[in-house]
*Asks:* 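Next up is a structure, given as structure tokens.
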There are 2 protein chains.
Amino acid sequence: MMDKATQLLNPMKVQDDMEVNKPDTATRILDVAERLFVEHGFEATSLRMITQQAEVNLAAVNYHFGSKDALFESVFMRRIGPFVAACLAELDALEQSGQALTAEALVLTFIKPCLMLSKDPTKGGALFVRLMSRTLVENHRLLREALNQQYSVFVQRYSSAFQAALPQFETEDIAWRMHFAFGVMFNAFAGNDVLKIFVRSQVVSARDPDMVVKHLVPFVVAGLTAPV
Amino acid sequence: MMDKATQLLNPMKVQDDMEVNKPDTATRILDVAERLFVEHGFEATSLRMITQQAEVNLAAVNYHFGSKDALFESVFMRRIGPFVAACLAELDALEQSGQALTAEALVLTFIKPCLMLSKDPTKGGALFVRLMSRTLVENHRLLREALNQQYSVFVQRYSSAFQAALPQFETEDIAWRMHFAFGVMFNAFAGNDVLKIFVRSQVVSARDPDMVVKHLVPFVVAGLTAPV
DNA sequence: AAGCGTTTTAAACTTACGTTTTAATTTGAT
DNA sequence: ATCAAATTAAAACGTAAGTTTAAAACGCTT
């Protein structure tokens with residue numbers, strides 16, 4: 001038995017799908033698990049639910065990924081790397097373009113990758129944003145440590161960029177505003193709406209990513225650049 | 001056997017605590033369950049964890065509340081009513097004070113009750129804000145329906161108030177801004193920080209409610225009043 | 001002190017979970 | 001075509017979950 005998880009992190013179709021257009025076992029598991037983890041959460045999603053919907057044997061999860069915990073990690077890691085890379089690429093492009101480093105431009109370097117995820121035709125990307133918001137509150141210890149080591153550069157880069165874009169503010173103020181700004185952006189793309197706790201579907205078009213962006217950008221930019 | 005859950009929704013100490021300062025069985029269960037549901041989530045919290053820490057018999061949960069689901073509902077309902085009432089009271093006071101109906105004043109009618117919860121010496125209130133943010137993503141169907149019926153007035157009142165305070169914006173714009181504003185406020189008080197997925201404790205003092213408010217209000221007000 | 005509804009207790013029950021095992025099957029290189 | 005490796009499959013394992021039961025203990029009224 002070999003651990004196929006790492007191999008899957010670099011998604012490449014080595015061989016074409018045999019009969020129908022069915023991805024291989026591990027990919028089917030990842031796709032179904034991603035959706036179910038988002039819908040029901042980690043604990044409430046059983047391996048039997050996953051394997052039944054993925055039309056694979058129950059033991060396939062433990063064979064390909066080792067454990068349910070490791071499966072979750074694989075589900076998450078499959079998306080987080082490309083997403084962070086996309087944000088950093090946007091940051092690089094902005095910094096080297098010679099454009100003015102405004103708060104709005106910085107916000108867009110984050111929003112554009114979010115928008116791409118939200119428009120993922122396979123819907124996997126759209127689920128990932130919601131998965132992140134669930135992961136945030138579910139607080140997986142193992143995952144936290146792995147992400148801290150690999151992707152702390154994400155925060156570092158954005159911190160530096162925002163300090164350059166907003167030189168009139170102190171470091172601590174910028175940290176707070178980034179905290180709020182990324183929070184509201186993530187929640188917006190995840191479709192989280194506190195008000196829908198109290199009343200059904202207040203913002204009906206909140207699932208249209210373009211509408212989200214249209215209203216989100218002015219809100220976040222205003223918050224980021226507000227006078228202290 | 002009688003269902004004591006409804007009785008507990010109106011918290012009143014019928015008899016004083018007998019020997020030490022120990023609340024009765026149902027209250028001890030509610031307190032412990034509240035904390036564990038926040039820490040680990042609904043599914044990952046077992047009745048045995050709850051009853052052991054509450055120092056009550058395992059069967060006490062089903063006796064007093066009927067089921068684990070009903071216990072969660074009781075945990076939530078114990079706090080949501082007083083919280084909504086506090087917000088509406090602040091709204092009433094503002095509208096009858098003759099002060100100008102500004103976005104900032106409206107934001108404060110929501111923040112002041114949040115602040116009171118966050119400073120609850122028993123810590124139960126602080127937990128409740130986090131419980132709401134978990135509930136938001138965990139999406140309990142039964143709870144959703146119950147809240148929709150009882151507390152839709154919450155959104156209605158704030159919608160009217162914000163439309164009065166921001167007459168220059170269309171109804172849909174205001175809905176979007178409220179969506180973002182309440183989202184960032186809830187997350188702020190719940191201590192949710194997306195950036196801490198990537199790096200440890202970016203905003204270290206994010207757990208001091210006064211500091212949260214200090215930075216949160218300018219951010220939210222700016223977002224709410226930003227030009228379209 | 002007796003009686004009675006309420007509460008607590010200990011134990012068992014059923015079910016579902018993640019995981020493991022073992023064998024069968026498929027795959028790919030020689 | 002063969003054989004070793006990789007994968008799939010079926011079944012069982014041990015555990016822990018929510019719930020139920022029935023008896024014991026308690027608290028209050030009479």
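No hydrogens, no waters, no symmetry mates; every other heavy atom, side chains included, goes into these values. Here is the naming used below: chain letters follow the sequence lines, and residue numbers restart at 1 for every chain.
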*Asks:* Taking CG from B:Asn62 and P from C:dT9, how many angstroms apart are they, rounded to a whole number?
*Replies:*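 Computing the B:Asn62:CG to C:dT9:P distance gives 15 Å.
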*Asks:* Sort out for me which residue in B:Leu58, B:Leu30, B:Val56, B:Thr45 forms a side-chain contact (heavy atoms from CB on, under 4.5 Å) with B:Ile50.
*Replies:*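 The passing option is B:Thr45.
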*Asks:* Please state how far atom NZ in B:Lys22 lies from atom C1' in C:dT7, giving the value in whole angstrom units.
*Replies:*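 These atoms are roughly 15 Å apart.
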*Asks:* With a 4.0 Å limit, can you tell me whether B:Ser46 has a side-chain N or O closer than that to the phosphate oxygens OP1/OP2 of D:dA16?
*Replies:*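 The answer is no; no side-chain N or O of B:Ser46 sits under 4.0 Å from OP1 or OP2.
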*Asks:* Parallel, tilted or perpendicular, judged at 30° and 60°: which one describes the rings of A:His179 and A:Trp176?
*Replies:*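 Because their plane-to-plane angle is over 60°, the rings of A:His179 and A:Trp176 count as perpendicular.
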*Asks:* Specify the separation, in whole Å, of atom CD of A:Glu55 and atom C1' of D:dA9.
*Replies:*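 Those two atoms, CD and C1', are 15 Å apart.
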*Asks:* Charged N to carboxylate O below 4.0 Å: is that the case for B:Asp92 and B:Arg157?
*Replies:*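 Result for this pair is yes, salt bridge flagged.
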*Asks:* For DNA chain D, which residues in residues 47-54 of chain B have a heavy atom at a distance below 4.0 Å?
*Replies:*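 Those residues are B:Leu47, B:Arg48.
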*Asks:* When you look at B:Phe186 and B:Phe182, which way does the ring pair (Phe, Tyr, Trp, His ring centres under 6.0 Å) test go after all the steps?
*Replies:* CA-CA 6 Å; B:Phe186 257 109; B:Phe182 281 99; 7.3 Å; no
*Asks:* Expressed in angstrom and rounded to an integer, what is the separation of A:Asn57 atom CG from C:dT22 atom C1'?
*Replies:*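 Distance, rounded to whole Å: 13 Å.
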*Asks:* Please collect all side-chain hydrogen bond (donor to acceptor under 3.5 Å, both in side chains) contacts where either partner lies in residues 142-155 of chain B, sequence neighbours excluded, each pair once.
*Replies:*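 Sorted pair list: B:Asn139-B:Arg144.
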*Asks:* Could you give the NZ-to-C1' distance, from B:Lys68 to C:dT15, as a whole number of Å?
*Replies:*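 Roughly 15 Å, once rounded to whole Å.
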*Asks:* May I ask you to say whether A:Asp31 pairs ionically with A:Lys123, meaning some side-chain N is under 4.0 Å from a carboxylate O?
*Replies:*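 No, no charged N to carboxylate O under 4.0 Å.
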*Asks:* Please determine, for the side chain of A:Ala59, which listed nucleotide (C:dT20, C:dG18, C:dT7) has the closest atom?
*Replies:*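 Nearest to the side chain of A:Ala59 among the choices is C:dT20.
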*Asks:* Verify the ring-centre separation between A:Phe110 and A:Phe83: is it less than 6.0 angstrom?
*Replies:*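 Between A:Phe110 and A:Phe83, which both carry aromatic rings, the centre distance is below 6.0 Å.
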*Asks:* Would you mind telling me which of C:dT7, C:dG18, C:dT19 lies closest to the side-chain atoms of B:His64?
*Replies:*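 Nearest nucleotide to the side chain: C:dT7.
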*Asks:* Give a yes/no answer on whether the side chain of A:Ser67 brings an N or O atom under 4.0 Å of OP1 or OP2 in C:dG18.
*Replies:*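 No, A:Ser67 has no side-chain N/O under 4.0 Å of OP1/OP2 on C:dG18.
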*Asks:* Compare side-chain N and O positions of A:Thr25 against OP1 and OP2 of D:dT7 and report whether any pair is under 4.0 Å apart.
*Replies:*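 No, outside the criterion.
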*Asks:* A:Tyr63 has an atom OH; how far is it from atom C1' of C:dT25, in whole Å?
*Replies:*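 Rounding to the nearest Å, OH of A:Tyr63 and C1' of C:dT25 are 12 Å apart.
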*Asks:* I need the CZ-P distance between A:Phe65 and C:dT19, as an integer number of Å.
*Replies:*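 It is 13 Å, rounded to the nearest whole Å.
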*Asks:* Quick one: A:Ile29 CD1 to D:dA9 C1', roughly how many Å, whole number?
*Replies:*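 From A:Ile29 CD1 to D:dA9 C1': 13 Å.
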*Asks:* Could you please name the option among D:dT19, C:dT8, D:dT21 that lies closest to any side-chain atom of B:Leu58?
*Replies:*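 Closest nucleotide among those given: D:dT19.
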